[in-house]
Amino acid sequence: GNTATFNQLGMAASAIAMNGGSITTSGNQTYTGAITLGADASAQTSGSNAVITTSGSINSDGTARALALNASGTGGQVLVEGAVGNTAALGALTLNASAMQVNGGSVTTTGNQTYSGPLTLGSSTQMNATAANAVVTLANTLNADAPGNRNLNVSITGTTPNHAEVQGFTVAAGRMFSAADDAARRLKRVLWNDPGTGVMRHADAGYEIAQDCAREQGLKLPSLGIGV
């Protein structure tokens with residue numbers, strides 16, 4: 001589809017090799033079987049309500065390859081049913097759609113992972129990124145497919161600096177995020193304590209903007225008479 005877009009594409013085999021770089025359709029793309037990337041690859045669909053579905057595992061051929069799945073049309077969906085990088089890590093993974101679901105239990109890359117749309121976990125999931133400066137970005141909402149029964153663990157093990165971003169907030173690498181009912185409580189605590197410590201240090205050093213921030217956010221700084 002690099003010069004003339006296909007309507008739909010379906011592949012079904014025990015082993016599927018993607019070596020051509022890009023696949024473009026206006027409708028659904030369905031890959032039923034284990035995918036091996038022989039080059040950096042992208043699958044794109046532009047149609048309204050079009051769905052990209054990968055039903056098997058996705059791995060590199062031994063050299064870490066990047067994969068982008070982009071359902072850019074209104075109501076587009078990306079559904080990843082199998083594990084990603086479970087035998088040979090991908091170089092990077094990008095998912096973009098109005099609705100995205102990851103069901104395979106694990107995603108392993110050397111580099112960045114970017115989830116641009118609302119993400120649903122269909123199973124407890126481990127996200128691993130192993131390279132220096134790797135970033136895992138969850139840019140939109142994060143939910144379980146049923147209340148209280150999914151967990152998300154983000155592990156970034158490369159040389160610092162590295163970090164995870166959850167809904168636009170940056171937190172330290174290696175934190176545990178839950179997609180269950182207590183997710184909001186856990187994230188609120190992490191996203192309050194880390195920035196709050198920075199504000200307190202700067203306020204104590206005499207920065208008026210930090211002191212004003214402490215007052216506005218209700219931080220208690222007894223030594224400065226703030227919040228007491």
Side-chain angles (χ1 to χ4, degrees), residues 42-45 51-54 57-58 64-86 89-158 160-196:
S42 65
Q44 306 177 56
T45 181
V51 181
I52 299 175
T53 303
T54 62
S57 61
I58 305 173
R65 312 290 189 181
L67 175 64
L69 303 178
N70 182 16
S72 60
T74 302
Q77 300 178 53
V78 170
L79 177 59
V80 179
E81 293 277 16
V84 177
N86 59 312
L90 272 58
L93 178 67
T94 301
L95 303 184
N96 179 57
S98 298
M100 310 181 305
Q101 185 159 331
V102 173
N103 296 337
S106 66
V107 179
T108 300
T109 60
T110 56
N112 297 346
Q113 296 180 32
T114 304
Y115 304 87
S116 297
L119 178 62
T120 298
L121 299 182
S123 65
S124 293
T125 301
Q126 173 77 40
M127 294 179 179
N128 303 308
T130 62
N133 303 311
V135 179
V136 174
T137 302
L138 306 175
N140 208 294
T141 57
L142 171 66
N143 289 285
D145 62 344
N149 66 342
R150 308 300 184 198
N151 294 311
L152 172 62
N153 186 53
V154 180
S155 176
I156 305 176
T157 57
T160 55
N162 48 45
H163 61 275
E165 295 179 355
V166 179
Q167 294 181 249
F169 294 94
T170 300
V171 299
R175 299 282 188 179
M176 173 75 78
F177 303 110
S178 172
D181 290 342
D182 64 346
R185 175 181 57 82
R186 295 189 183 197
L187 288 175
K188 182 178 180 180
R189 184 175 62 221
V190 173
L191 299 174
W192 173 266
N193 290 347
D194 288 358

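Both backbone and side-chain heavy atoms feed into the values below; hydrogens, waters and symmetry mates do not.
Separating the CD1 atom in I52 from the CD atom in Q44 is a distance of 8.0 Å, to the nearest 0.5 Å. The CG atom of L142 sits 5.0 Å away from atom CG of L121, with the distance rounded to the nearest 0.5 Å.
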**OP:** List the steps, then state whether side-chain contact (heavy atoms from CB on, under 4.5 Å) holds for Y115 with L93.
**Re:** CA-CA 8 Å; Y115 304 87; L93 178 67; 4.0 Å; yes
**OP:** For the pair S98 and Q77, evaluate side-chain contact (heavy atoms from CB on, under 4.5 Å) and give the outcome as yes or no after the intermediate values.
**Re:** CA-CA 6 Å; S98 298; Q77 300 178 53; over 6 Å; no
**OP:** Decide side-chain contact (heavy atoms from CB on, under 4.5 Å) for T114 and L95; before the verdict, give the C-alpha distance in whole Å, the side-chain angles of both, and the deciding distance to 0.1 Å.
**Re:** CA-CA 6 Å; T114 304; L95 303 184; over 6 Å; no
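Applying the salt bridge (Lys or Arg N to Asp or Glu O under 4.0 Å) test to residues at least two apart or on different chains, the pairs with a partner in residues 64-75 are D61-R65. Sequence neighbours left out, the pairs with a member in residues 135-146 that pass salt bridge (Lys or Arg N to Asp or Glu O under 4.0 Å) are D145-R150. Applying the salt bridge (Lys or Arg N to Asp or Glu O under 4.0 Å) test to every pair with at least one member in residues 95-114, sequence neighbours left out, gives no pairs at all.
When each of T125, L90, T54 is checked for a side-chain contact (heavy atoms from CB on, under 4.5 Å) with V84, only L90 meets the rule.
You'll find the side chain of T141 stays beyond 4.5 Å of the side chain of L119, heavy atoms only. No side-chain heavy atom of N70 sits under 4.5 Å from any side-chain heavy atom of T45. Side-chain atoms of S155 and Q126, non-hydrogen and from C-beta on, do get closer than 4.5 Å to each other. Using a 4.5 Å heavy-atom threshold, the side chains of V80 and L69 count as touching.
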With a 3.5 Å cut-off and sequence neighbours excluded, list the donor-acceptor pairs that the side chains of residues 101-109 form with protein atoms.
unit_1 : atom_1 : unit_2 : atom_2 : d
Q101   : NE2    : N103   : OD1    : 2.9
N103   : OD1    : G122   : N      : 3.3
N103   : ND2    : E81    : OE1    : 2.9
T108   : OG1    : N128   : ND2    : 3.2
T109   : OG1    : G111   : O      : 2.7
T109   : OG1    : Q113   : NE2    : 3.2

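Contacts of T74 classified as side-chain contact (heavy atoms from CB on, under 4.5 Å), with partners at least two apart in sequence or in another chain: S48. Under the rule for a side-chain contact (heavy atoms from CB on, under 4.5 Å), the partners of A68 that lie at least two apart in sequence or sit in another chain are S42, T94.
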